Amino acid sequence: MSFQLVQNALNVANLRQQVYANNIANADTPGFKRSDVQFETALSQALVNQGSGALGQTYIPLTGQQPMNLSGALGVQPTVVTDTTTAVDSNGNNVNVDDEMVNLAQNQLKYNVLAQDLTLRISMFKNAIGG
């Protein structure tokens, strides 16, 4: 199941990279509004509702002998939302290229960490099977 969680996180990072790239590509398009991806809040809420902890915790608390149920967390889907709350330029566009570049770099780092985590998990799984 942890493979699925990491795969979902990689998919979200990939979607977020596409959204940021689209924002940058439309930085000079009159009337364009930047978009972002919402996921972590919904995932955190799903984990808390299942009693599995929340994002930012360094551990997932286990309760008694009950098996950990993360099925609700696996069903959380990312949502692309349009940002209409930030200030706009005279052409009606609200894309700040510097902010988008920072977001793009941060997201790339997250993606790289997740890919390394998945590679490590697969390696450990192969070692466990192969002995």
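Quick caveat, the model's predicted, so the values are computed rather than measured.
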query = Considering residues at least two apart in sequence or located in another chain, which fulfil the salt bridge (Lys or Arg N to Asp or Glu O under 4.0 Å) criterion with Arg16?
reply = Glu40
ask   = After noting the C-alpha distance and the side-chain angles of Thr79 and Val37, does the key distance pass the side chain to side chain contact (heavy atoms under 4.5 Å, CB included) rule?
value = CA-CA 5 Å; Thr79 305; Val37 176; over 6 Å; no
inquiry  = What verdict does the side chain to side chain donor-acceptor pair (under 3.5 Å) test give for Asn8 and Gln4, after you've listed the backbone C-alpha separation in whole Å, the side-chain angles of each residue and the deciding distance to 0.1 Å?
reply    = CA-CA 6 Å; Asn8 287 351; Gln4 289 175 316; over 6 Å; no
inquiry  = According to a hydrophobic-cluster definition based on side-chain heavy atoms being under 4.5 Å apart (Ile, Leu, Val, Met, Phe, Trp, Tyr only), do Val113 and Val6 belong together?
reply    = no
remark   = dist Thr29:OG1 -> Asn91:CG (nearest 0.5 Å) comes out at 8.5 Å
inquiry  = So which atom in Ser35 and which in Val19 form the shortest heavy-atom distance, rounded to 0.1 Å?
reply    = O-CG1, 3.3 Å
Side chain to side chain contact (heavy atoms under 4.5 Å, CB included) between Phe32 and Thr82, worked out = CA-CA 10 Å; Phe32 181 83; Thr82 302; over 6 Å; no
inquiry  = Quick check: closest heavy atoms across Ile122 and Phe3, and the distance to 0.1 Å?
reply    = CG1-CE2, 3.7 Å
Residues that Asn94 engages under side chain to side chain donor-acceptor pair (under 3.5 Å), provided they are two or more places apart = Thr86
ask   = Does a donor on one side chain sit under 3.5 Å from an acceptor on the other, for Asp83 and Thr85?
value = yes
key: Where Tyr20 and Leu104 come nearest, the two heavy atoms and their spacing   = CB-CD1, 3.5 Å
message = Looking only at the side chains, is there a donor atom on one of Asn112 and Gln116 sitting less than 3.5 Å from an acceptor on the other?
response = no
ask   = Are Gln7 and Asn11 close enough that a side-chain donor and a side-chain acceptor fall under 3.5 Å?
value = yes
message = Nearest 0.5 Å, please: how far is CD in Glu100 from CG in Asn22?
response = 9.5 Å
query = In terms of heavy-atom contacts, does CG of Asp28 have more than 12 from other residues, nucleotides or ligands at under 6.0 Å?
reply = no
ask   = How far apart are the closest heavy atoms of Ala27 and Asn93, and which atoms are they?
value = O-ND2, 3.0 Å
key: Shortest non-hydrogen contact between Leu10 and Ala115, atoms and distance   = CD2-N, 3.9 Å
task = Examine the side chains of Asn103 and Asp99 and answer whether a donor and an acceptor come within less than 3.5 Å of each other.
result = no
key: Closest non-hydrogen atom pair between Ala13 and Asn107, with its separation   = O-ND2, 2.8 Å
request  = Go through the steps for Lys33 and Val88 under the test side chain to side chain contact (heavy atoms under 4.5 Å, CB included), then give the verdict.
outcome  = CA-CA 8 Å; Lys33 303 289 186 255; Val88 296; 3.9 Å; yes
key: In one Ile/Leu/Val/Met/Phe/Trp/Tyr side-chain cluster, 4.5 Å: Leu43, Val80   = yes
task = Quick one: pull up CZ in Arg34 and CG in Asn23 and give me the separation to the nearest 0.5 Å.
result = 5.5 Å
query = Is Leu5 close to Leu74 at the side-chain level, that is, under 4.5 Å between some pair of heavy atoms?
reply = yes
